[in-house]
Amino acid sequence: MPEDFILTDEPAPGVRRLVAGFQGHAYDPHRHETYAIGHTLSGAQAFRYRCVGRVSSAGECMVIHPDEVHDGHAPAATGFRYRMVYVEPWLIHRASDGHGGLPFVPEVVASDPALSALLEEMFEDFGRGTETLAWDEYIARLAELLMGRSDNGETVRIMALPEAEVAKARAMMSDEFARPLNSSDLEQATGLDRFELARAFRRLAGTSPYRYLLGRRLEAARRAILSGEEISHVAAGVGFADQAHMTRHFKARYGITPGRMAVLARGRT
């Protein structure tokens, strides 16, 4: 393997897996609209999360909540390797039957044998694809583990929220991310006032409608870049005003620039 690398796949809807390794600086501050749940395979990785420095050593697990800013680097010259699964919050919500809401795990780094074992299963066929039925079980087990470690004081109660309307907004942004969308479009599609929608969306999806829309554009950009498409052609195709606009948001989401992503995907440092 090259010194720095990123490998990814998407085994099921709403799920992305990643295996990566870095020798020094890895990511600038960024955030995801998904849960990011990982396992350090070797070395140690340091990062700031909720304004506090953290270190995950080999064998430890990480649980990063949606929309929380974090970065990443290797505190030692030996670097680190890790794997991470990114799961859409709506999957965790559905897997828990809507009871208790989105779990917040305050202990971001921990030795968690049950979670380590689950991640081992999730990555057994990395890069080769998995039966969707298997992922139904994985997500159900993951939701149970997260709920078991959640801080009840920060768990969001969501049973009375307009789930169907939020799902319509999410579907609209997923399908039509490449065109300009505004609050009026979402109001018309859902029948909710824009502020009511914004509050409900964050509580059900773990992020704001705007950041969710950006996420869809950035995910499309990431896929295009990994497929070898010229970066200069990607921005307009996924709905950004220009390449500079895309690059700024891409770095804020993934912690690296589009150009760096392309280089890492080709296996060059």
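Quick note: numbers below take in every heavy atom, side chains included, and nothing from hydrogens, waters or symmetry partners.
The aromatic rings of F80 and Y82 sit tilted, their planes meeting at an angle between 30° and 60°.
Nearest heavy-atom pair across R16 and R222 is CD-NH2, 3.0 Å. Heavy atoms only, all atoms of each residue included: A74 and G79 are closest at CB-CA, 3.7 Å. Between M84 and A36, the closest heavy-atom pair is SD-C, 3.5 Å. Of all heavy-atom pairs spanning F126 and L7, the tightest one is CZ-O, 3.5 Å. Contact between Q45 and F47 at its shortest, heavy atoms only, is O-CD2, 4.1 Å.
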Could you go step by step and tell me if H32 and E68 meet the side-chain hydrogen bond (donor to acceptor under 3.5 Å, both in side chains) rule? CA-CA 7 Å; H32 311 282; E68 291 287 350; over 6 Å; no
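When the side chains of ILVMFWY residues are joined at heavy-atom separations under 4.5 Å, either directly or via intervening members, F5 and V85 end up in a single hydrophobic cluster. Grouping the Ile, Leu, Val, Met, Phe, Trp and Tyr side chains by contacts below 4.5 angstrom, directly or via other members, places V69 apart from Y254. Criterion: ILVMFWY side-chain heavy atoms under 4.5 Å apart, direct or through other members. Under it, L18 and M62 are part of a common hydrophobic cluster.
Taking E107 as the reference, nothing meets the salt bridge (Lys or Arg N to Asp or Glu O under 4.0 Å) condition, with sequence neighbours excluded. A search for salt bridge (Lys or Arg N to Asp or Glu O under 4.0 Å) contacts involving E121 returns R141, not counting sequence neighbours.
Within the 3.5 Å criterion, the main-chain N or O of M147 finds a donor-acceptor partner in the side chain of S150.
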Run the side-chain donor-acceptor check on residues 167-174: report pairs under 3.5 Å with partners two or more places apart or on a different chain.
from : atom 1 : to   : atom 2 : distance (Å)
S174 : OG     : R170 : O      : 2.9
S174 : OG     : Y212 : OH     : 3.2

Could you pull out every donor-acceptor pair under 3.5 Å between side chains of residues 225-239 and any protein atom, sequence neighbours left out?
from : atom 1 : to   : atom 2 : distance (Å)
S227 : OG     : R223 : O      : 3.4
S227 : OG     : A224 : O      : 2.7

For residues 52-60, run the donor-acceptor check on the side chains, cut-off 3.5 Å, and write out each pair with its distance to 0.1 Å, sequence neighbours left out.
from : atom 1 : to  : atom 2 : distance (Å)
R54  : NE     : Y49 : O      : 3.4
R54  : NH2    : Y49 : O      : 3.2
S56  : OG     : T40 : OG1    : 2.6
E60  : OE1    : S57 : N      : 2.8

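Here R217 contributes atom CZ and H245 contributes atom NE2; the two are 8.0 Å apart, rounded to the nearest 0.5 Å. Expressed to the nearest 0.5 Å, how far CD1 of I139 lies from CG of L91 amounts to 5.5 Å. L264 CG to F22 CZ: the interatomic distance, rounded to the nearest 0.5 Å, is 5.5 Å. Of the inter-residue distances, the one linking R211 atom CZ with F201 atom CZ reads 12.5 Å to the nearest 0.5 angstrom. Here the CD atom belonging to E219 is positioned 9.5 Å from the CZ atom belonging to F177, to the nearest 0.5 angstrom. To the nearest 0.5 Å, atoms CG (L192) and OG (S183) are separated by 12.0 Å.
Note on residues 27-45: pairs passing salt bridge (Lys or Arg N to Asp or Glu O under 4.0 Å), not counting sequence neighbours, are D28-K251, R31-D67, E33-R216, E33-R253.
Between Y35 and H65, the distance separating the two ring centers is shorter than 6.0 angstrom.
Within 6.0 Å of CD in E10 there are more than 12 heavy atoms belonging to other residues, nucleotides or ligands.
The pair R48-D71 fails the salt-bridge criterion, with no side-chain N (NZ, NE, NH1 or NH2) lying under 4.0 Å from an Asp/Glu carboxylate O.
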